[in-house]
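A quick write-up on the structure given underneath.
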Amino acid sequence: LFTTLAVAPGRTMFVEGAATGTGLEALKTAARNGVDVVGLVSSAARAQVARANGARGAIDRTDPRFRHLFTRVPDEPAAIAEWVRQGEELCDAFRAQTDGRLADYAVSHAAETAFPR
């Protein structure tokens, strides 16, 4: 995180799968080094795990507001703007936990087919 991505304290990070495995380790490392982390999780219990390990916040991807959002970017240029618009509520949820800021960094390790947005 800190050599390849040049992650710096005081910045914000979005980590998918933030309550287990690779995501949890990325979250803990970033949080210990002064990065505000919001984790993507799959339940309220996992949101608690993320927060207990230093996350500033969490977004539950199974929340009815978000679960339909995790789709691939459309191939058709005309459909991309609608795809982006549909994701604004997710961005708003992130901003609500980071004083209005979006992520400076995103750690995505689960693969395009799992969490493409």
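Considering only heavy atoms from C-beta on, L90 comes within 4.5 Å of I59 through its side chain. Side-chain contact between L102 and R95: present, with at least one pair of heavy atoms (C-beta onward) separated by less than 4.5 Å. Contact of the T12 side chain with the V38 side chain is not registered, since no non-hydrogen atoms from C-beta on lie closer than 4.5 Å. Within the 4.5 Å cutoff, side-chain heavy atoms of D36 are placed close to those of R101. With contacts defined as side-chain heavy-atom distances shorter than 4.5 Å, the pair Q86/L69 qualifies. Counting heavy atoms from C-beta outward, V41 and R61 have side chains that stay 4.5 Å or more apart. Side-chain contact check for N33 versus T29: some heavy-atom pair is nearer than 4.5 Å.
Transitive grouping of hydrophobic side chains (ILVMFWY, heavy atoms separated by less than 4.5 Å) brings V15 and V7 into a common cluster.
A8 approaches V35 most closely through the heavy-atom pair O-CG2, 3.7 Å. Between A18 and G39, the closest heavy-atom pair is CB-CA, 3.4 Å. The two residues G54 and A31 come nearest to each other via the heavy atoms O-CB, 3.5 Å.
Of the candidates E89, E82, E88, E82 is the only one forming a salt bridge (Lys or Arg N to Asp or Glu O under 4.0 Å) with R85.
Formation of a donor-acceptor pair under 3.5 Å by the Y105 side chain with backbone atoms of R11 is not found in this model. Remark: side-chain polar atoms of R56 are paired, donor with acceptor, to backbone N or O of Q97 under 3.5 angstrom.
Between R46 and D60 there is no salt bridge, since no side-chain N of the basic residue sits under 4.0 Å from a carboxylate O of the acidic one. No salt bridge links D92 with R65; every basic N to acidic carboxylate O contact stays at or beyond 4.0 Å.
Residue pairs satisfying the ring-ring contact (aromatic ring centres under 6.0 Å, His included) criterion with at least one member in residues 14-59, sequence neighbours excluded, are listed as follows: F14-F94.
The CG atom of D63 sits 8.0 Å away from the CZ atom of R67 when rounded to the nearest 0.5 Å. For the atom pair CG of L40 and CG of L27, the computed distance is 11.5 Å after rounding to the nearest 0.5 Å. For the atom pair E16 CD and T22 OG1, the distance stands at 10.0 Å (nearest 0.5 Å).
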